[in-house]
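Presented below is the structure to which this report refers.
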Amino acid sequence: MLKTLKGTKDILPEEVYMWQYIEASARDIFAIYGYKEIRTPIIEDASLFIRSIGDSTDIVQKEMYVFSDRGGRTIALRPEATASVVRAYIENSIGCKEGLSKLFYIGPMFRSERPQKGRQRQFHQLGVEAIGSDDPFLDVEVILLAWYFLKRLGIDNFDLKINSLGCEKDKSEIIERYRKNVKPHLASLCKECNERYGKNVLRVLDCKNPKCKEVIRGIEFRNSLCRECSAHFEFIKEALERLGVSYAVDTRIVRGLDYYTKTVFEIIQKDLGAKDAVCAGGRYNNLIKDMGGKETPAIGFAFGIERLILAAKDLCSGVFKKKVFIATTAPALRKHAFKLVEDLRREKIASDMDYEGKSLKAQMKKAEKLKSSFVIIFGDEEFSQGNVVLKHMDNGTQRQIKIIEAVEEIKNR
Ligand code: HAM
């Protein structure tokens with residue numbers, strides 16, 4: 001039998017409602033903050049990602065799906081969307097039309113990683129990119145948006161970690177300082193980390209090898225920023241404090257992609273285990289210029305939707321509004337039940353009935369399985385008096401109501 005590829009998953013109907021809820025919440029909140037949707041292709045010229053994410057990163061070195069198409073072009077399945085959005089921003093002169101451009105995206109990304117809980121080869125991100133301003137208020141807005149989105153999904157158990165890599169000059173000084181700190185530990189680090197040390201020491205901090213992680217945890221990393229970058233970072237910290245957003249500064253947050261400058265952040269959800277970053281982002285003030293555009297500062301983030309679902313699993317099951325199941329005790333009553341199902345649906349109340357000839361007991365089981373909030377039972381005796389039984393599934397209580405009042409009754413619940 002043919003099966004899904006390793007690291008990919010079917011999203012089945014019983015799970016899809018959570019995706020829809022998360023996506024709808026994102027669209028809603030992003031619109032409130034003034035972000036507009038952009039949809040870019042899933043395939044791009046591979047050099048887009050090599051140039052932007054950096055050729056010493058794990059994503060480019062080991063994880064990117066790259067193939068030659070029939071015309072001999074080197075194509076990549078996008079491993080992330082920031083580079084694609086930047087390409088689209090430059091190619092379509094979006095900045096000329098809009099000035100500050102606030103964009104969001106939702107869609108699949110591809111990385112050939114070793115699959116585990118919360119880590120897939122085809123996964124989905126929802127993210128924002130605010131392109132065209134270095135105003136620290138924008139950093140605060142983007143962080144706040146991520147924070148508020150989690151709160152709206154009912155996810156509370158998370159930590160926000162922030163750091164600043166500073167401007168280009170600060171970043172190269174940080175790299176030098178980190179090289180000095182890592183050097184004495186090279187013998188305890190894996191072969192790849194030794195290579196990373198030569199190419200880009202910041203990548204040592206992303207190593208997934210548990211032994212390296214342990215060694216890195218024992219090293220102290222300290223940043224020092226120029227006056228302007230330091231003021232920018234202080235502004236963000238003060239604003240977050242003022243707004244009641246708790247955070248921790250963590251100088252180990254350097255991010256696994258090369259394009260970051262100044263503010264970087266990750267949101268860690270404590271219940272996710274090893275793959276605990278549910279959201280990550282930061283500033284990339286040089287990327288647009290490096291990709292052939294004008295000098296344009298920008299900042300963004302991306303959430304992993306699979307990880308959001310793991311974090312929100314229990315909380316999302318209650319998101320549906322009222323649902324009604326109509327049960328019948330005799331086939332002759334089905335046409336009346338069918339009419340009521342349709343009347344409820346006209347009022348935008350999710351309703352259903354039995355189409356499988358089930359007994360009353362089996363219909364009640366089905367209603368439970370569908371997480372119905374109410375069951376309306378058509379029984380011969382009650383029906384002969386113009387009544388039905390209304391059962392509240394949350395507390396099990398039931399009483400008779402008039403059939404003609406059933407829709408109003410449910411609407412008012
Ligand atoms: P990233 O840290 O590579 O950043 O990914 C962002 C989020 O995507 C992660 O925190 C995680 O939740 C999710 N994610 C990444 N890889 C996987 C995977 N293999 N399986 C499941 N989920 C995964 C970026 O992609 C940047 N483009 C974020 C950004 C936007 N920076 C600025 N703007």
Side-chain angles (χ1 to χ4, degrees), residues 6-9 11 22 30 35 38 40 44 48-49 52-54 57-60 62-65 77-87 89 101-131 138-139 141-143 145-146 149-150 155 158-163 165 202-203 205-206 208 253-269 271-288 297-312:
K6 198 170 162 194
T8 69
K9 252 179 77 180
I11 302 161
I22 287 173
F30 293 167
Y35 288 76
I38 181 162
T40 61
E44 297 269 5
L48 171 67
F49 303 111
S52 56
I53 297 171
T57 59
D58 273 9
I59 298 180
V60 167
K62 300 198 281 188
E63 297 167 3
M64 202 154 70
Y65 283 96
L77 295 183
R78 64 178 184 194
E80 59 111 44
T82 308
S84 306
V85 172
V86 163
R87 191 230 0 96
Y89 174 87
S101 309
K102 291 177 164 190
L103 304 165
F104 82 86
Y105 51 85
I106 302 179
M109 312 292 156
F110 305 84
R111 296 181 195 176
S112 177
E113 296 190 78
R114 198 167 49 77
Q116 64 181 70
K117 188 178 163 210
R119 191 205 278 161
Q120 289 185 204
R121 292 184 174 169
Q122 176 175 338
F123 62 99
H124 299 75
Q125 283 186 343
L126 53 87
V128 304
E129 310 295 349
I131 307 176
L138 196 58
D139 303 49
E141 175 183 287
V142 165
I143 295 173
L145 172 53
F149 179 56
L150 283 172
I155 302 172
F158 62 83
D159 285 334
L160 167 65
K161 294 185 179 178
I162 62 171
N163 188 22
L165 300 173
L202 296 185
R203 300 289 66 90
L205 277 79
D206 314 320
K208 289 170 188 137
I253 303 284
V254 293
R255 309 285 302 115
L257 306 93
D258 280 354
Y259 50 62
Y260 292 107
T261 51
K262 283 191 170 175
T263 318
V264 284
F265 62 98
E266 286 187 4
I267 301 180
I268 310 297
Q269 212 279 333
D271 306 330
L272 287 179
K275 291 284 102 221
D276 54 5
V278 70
C279 173
R283 272 208 169 272
Y284 47 95
N285 283 356
N286 300 327
L287 183 60
I288 291 130
I299 180 165
F301 66 65
F303 277 94
I305 303 185
E306 282 79 3
R307 293 187 195 176
L308 277 174
I309 293 203
L310 286 172

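Atoms within each ligand, like the ligands themselves, are counted from 1 in listed order.
Between the side chain of R121 and the main chain of S112, no donor-acceptor pair closer than 3.5 Å is present.
Between the side chains of T261 and N286, not a single donor N or O lies within less than 3.5 Å of an accepting N or O. Side chain to side chain, E129 and Y35 fail the donor-acceptor criterion of an N or O pair below 3.5 Å.
Annotation: side chain to side chain donor-acceptor pair (under 3.5 Å) contacts of Y259 (sequence neighbours excluded): E80, T82.
A salt bridge does not link R78 to E44: none of the charged side-chain nitrogens sits closer than 4.0 Å to a carboxylate oxygen.
Annotation: ligand 1 has protein neighbours E80, T82, Y105, R111, E113, G118, R119, Q120, F123, Q125, E129, R255, L257, Y259, Y260, A277, V278, C279, A280, G281, G282, Y284, G300, F301, A302, G304, R307, each with a heavy atom less than 4.0 angstrom from the ligand.
In this structure, CG on L205 lies 9.5 Å from CD1 on I253, to the nearest 0.5 angstrom.
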